[in-house]
Amino acid sequence: MAFYKVQSLIFSLLEEGIKNEVFPCAIAGIFVSGSRYIVGRGYKSLFPFLEPLEDDDLFDLASLTKPLALAYTFIYLLSKNSKIELFKPIGEYIELNPSLAKIPVFRFLNHTSGLPSWYPLYREVKEHKENNLEKYIQKINQLPLEYKSGERCVYSDLGYYLLTYLLEKVYGKPFSTLFEEAKSIIPFNKKAFLSFNPLKKGFSQERVVPTSVCPITGKILRGVVEDENTRALQGVSGVAGLFGNIYGVLDILETLLKAYKGEVKELSHNLVKEFLDFREKDFTFSLGFMLQSHNGYSATGGAFSDKTVGHLGFTGCSFFIDLGKDFIVVLLSNRVYFGRTNQKIKDFRVKFHTLLSSLALR
């Protein structure tokens with residue numbers, strides 16, 4: 001398909017989303033047949049004045065942190081120095097209560113551990129400090145399992161705090177440092193950004209797309225992570241906290257796609273395939289990545305192949321990689337600008353992915 005036709009299609013979709021107040025702004029990135037298409041529309045902020053979206057503005061990627069920071073760092077570290085075996089009990093590496101200790105590491109990655117989905121861990125601490133993670137683990141260690149490990153798949157932030165803690169203890173460095181080391185092998189575009197705490201790295205708030213009004217402070221969140229639990233960890237975890245622009249997200253996804261084909265020497269081909277190809281029963285997660293659901297709602301509309309992995313983010317961001325077609329679709333938006341209860345993104349995602357999936361066939 002001609003470049004201008006692809007641009008026109010994406011342009012119209014984003015304009016429709018803005019008109020219907022799905023989000024005030026969004027930027028889409030497509031990788032297909034070796035080419036990239038990037039189209040952004042809208043205003044990142046509407047008050048006190050209109051601020052047009054720039055192509056290199058940063059978004060709070062929310063739970064895209066799980067695959068792009070946590071799972072990716074896992075793959076890098078295990079490729080370089082395999083100190084953790086995914087199918088061994090997590091208790092062989094860190095001290096936990098007996099019911100948690102016997103659960104294999106991989107069950108935290110694919111959300112089948114038995115842990116509850118969420119808990120207000122930030123209420124357990126008084127100050128926002130990185131070492132609050134220790135207190136988080138103490139609290140998670142006290143929570144009863146909600147189901148027998150392996151029997152169900154329940155999306156759980158709590159499991160990813162455990163995995164963050166696991167990597168820090170086994171490899172002896174803060175998670176943010178481990179991630180920076182892991183992403184050093186990626187040939188980033190000069191415009192790319194993908195990291196934690198952009199304001200501490202010198203970026204102005206004007207470069208960051210605002211999300212919602214914090215229910216605790218009453219202030220608009222801009223460059224400060226939306227997720228309260230991660231905010232209490234000074235903005236760094238394997239759950240949330242990653243900020244990035246369309247270039248940074250596309251760069252890491254293209255690297256993962258190349259690694260899946262065995263074209264990145266620093267990342268084990270077999271390990272990448274294990275993370276992305278892992279399937280169990282009809283569960284909707286591989287190791288760190290969401291699968292395309294065929295039971296009920298699917299953000300892709302079921303339009304991609306069965307070799308598709310991706311993830312959704314609470315703030316309105318998402319990505320999917322169709323591994324069988326070398327096709328990547330990224331959507332970055334700030335749908336929570338209109339309130340955390342704004343659910344219009346659900347229908348928009350289906351339409352967006354259904355229409356754009358046709359690009360992989362041309």
Side-chain angles (χ1 to χ4, degrees), residues 30-32 61-75 86-87 103-115 117 147 149-160 163 238-240 242 249 252-261 267 269-314 316-331 345-354 356-357 360-361:
I30 315 296
F31 175 83
V32 60
L61 300 179
S63 282
L64 268 58
T65 304
K66 293 180 176 75
L68 299 186
L70 193 286
Y72 171 77
T73 300
F74 242 103
I75 292 169
L86 297 175
F87 296 91
I103 299 171
V105 173
F106 83 93
R107 295 217 171 275
F108 298 96
L109 282 163
N110 80 333
H111 301 282
T112 61
S113 66
L115 281 170
S117 175
Y147 59 94
S149 176
E151 285 192 347
R152 293 163 56 193
C153 180
V154 176
Y155 183 78
S156 174
D157 280 0
L158 304 188
Y160 274 68
L163 292 170
V239 172
L242 194 63
V249 175
I252 192 171
L253 293 178
E254 288 180 32
T255 298
L256 279 168
L257 182 56
K258 289 179 181 177
Y260 182 79
K261 295 186 288 184
L267 301 177
H269 180 217
N270 290 336
L271 194 59
V272 173
K273 287 182 67 66
E274 185 167 32
F275 268 73
L276 302 187
D277 286 343
F278 185 88
R279 303 289 187 274
E280 185 180 20
K281 301 178 183 178
D282 60 349
F283 296 155
T284 51
F285 283 86
S286 64
L287 302 183
F289 294 79
M290 178 182 290
L291 303 175
Q292 182 175 231
S293 174
H294 294 291
N295 299 314
Y297 173 82
S298 174
T300 66
F304 290 15
S305 81
D306 288 338
K307 291 183 71 65
T308 296
V309 297
H311 217 283
L312 307 179
F314 180 78
C317 299
S318 63
F319 75 84
F320 286 95
I321 313 173
D322 192 325
L323 300 164
K325 299 176 181 176
D326 289 359
F327 182 52
I328 299 171
V329 179
V330 180
L331 177 66
I345 192 73
K346 292 186 70 175
D347 290 338
F348 181 84
R349 278 173 171 155
V350 174
K351 186 170 185 178
F352 177 80
H353 292 113
T354 300
L356 291 185
S357 68
L361 304 176

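Residue numbers start at 1 and run along the sequence shown.
By the 30° and 60° cut-offs, the orientation of the rings of Y160 relative to H111 is parallel.
Looking at T308 and L323, their side chains never come closer than 4.5 Å, going by heavy atoms from C-beta outward. Within the 4.5 Å cutoff, the side chain of F314 has no heavy atoms near those of the S63 side chain. In this structure the side chain of F87 never reaches within 4.5 angstrom of the side chain of V105, judged on heavy atoms. Counting only heavy atoms from C-beta outward, the side chains of L109 and F285 never approach each other to under 4.5 Å. The side-chain heavy atoms of D277 and E274, taken from C-beta on, include no pair separated by under 4.5 Å.
When the side-chain hydrogen bond (donor to acceptor under 3.5 Å, both in side chains) test is applied to K261, the partners found at least two apart in sequence or on another chain are D326. In terms of the side chain to side chain contact (heavy atoms under 4.5 Å, CB included) criterion, residue partners of S286 (sequence neighbours excluded) are, by chain and number, F278, R279, F289, L291, V309.
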For F275 and L86, what are the C-alpha separation, side-chain angles and deciding distance, and is it a side chain to side chain contact (heavy atoms under 4.5 Å, CB included)? CA-CA 10 Å; F275 268 73; L86 297 175; 3.6 Å; yes
Side chain to side chain contact (heavy atoms under 4.5 Å, CB included) between F74 and L163, intermediate numbers included: CA-CA 9 Å; F74 242 103; L163 292 170; 4.0 Å; yes
For a side chain to side chain contact (heavy atoms under 4.5 Å, CB included) check, start with the C-alpha distance between Y297 and R349, then their side-chain angles and the critical distance, and finish with the verdict. CA-CA 11 Å; Y297 173 82; R349 278 173 171 155; 4.1 Å; yes
Under the ring-ring contact (aromatic ring centres under 6.0 Å, His included) rule, what do H311 and F319 come out as? Steps first, then yes or no, please. CA-CA 6 Å; H311 217 283; F319 75 84; 7.1 Å; no
Please report the C-alpha distance between L256 and Y260 in whole Å, then the side-chain angles of each, then the deciding distance to 0.1 Å, and finally whether the side chain to side chain contact (heavy atoms under 4.5 Å, CB included) criterion is met. CA-CA 6 Å; L256 279 168; Y260 182 79; over 6 Å; no
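Here CZ of R152 is found 6.5 Å from OH of Y147. Values are rounded to the nearest 0.5 Å. Annotation: the span from L287 atom CG to K273 atom NZ amounts to 13.0 Å, rounded to 0.5 Å. Atom-to-atom distance recorded for K325:NZ and L257:CG is 13.5 Å, nearest 0.5 angstrom. Rounding to the nearest 0.5 angstrom, the gap separating the CD atom in E254 from the CD1 atom in I252 is 11.5 Å.
Looking at every heavy atom in both residues, L253 comes nearest to L68 through CD2-CD2, 3.6 Å. Here the shortest heavy-atom pairing between A71 and G288 reads CB-CA, 4.0 Å. Residues F320 and G310 come closest through the heavy atom pair CD2-CA, 3.7 Å. Residues S156 and L115 approach most closely at OG-CB, 3.8 Å, considering heavy atoms. Closest approach of I103 and S149 over heavy atoms only: CG2-OG, 3.6 Å. Nearest heavy atoms, L312 versus A299: CD2-CB, 3.8 Å.
Between the side chain of T354 and the main chain of K351, no donor-acceptor pair closer than 3.5 Å is present. Side-chain atoms of S117 come within 3.5 Å of backbone atoms of Y155 as a donor-acceptor pair (strictly under, hydrogens ignored).
Note on K281 versus E151: no salt bridge recorded, every NZ/NE/NH1/NH2 to OD/OE distance being 4.0 Å or above.
Between F304 and F327, the gap from one ring centroid to the other is short of 6.0 Å.
Results of the side-chain hydrogen bond (donor to acceptor under 3.5 Å, both in side chains) test with Q292 over T284, D322, T300 single out T300 as the only residue that passes.
No donor-acceptor contact under 3.5 angstrom links the side chains of R107 and S113, judged on distance only.
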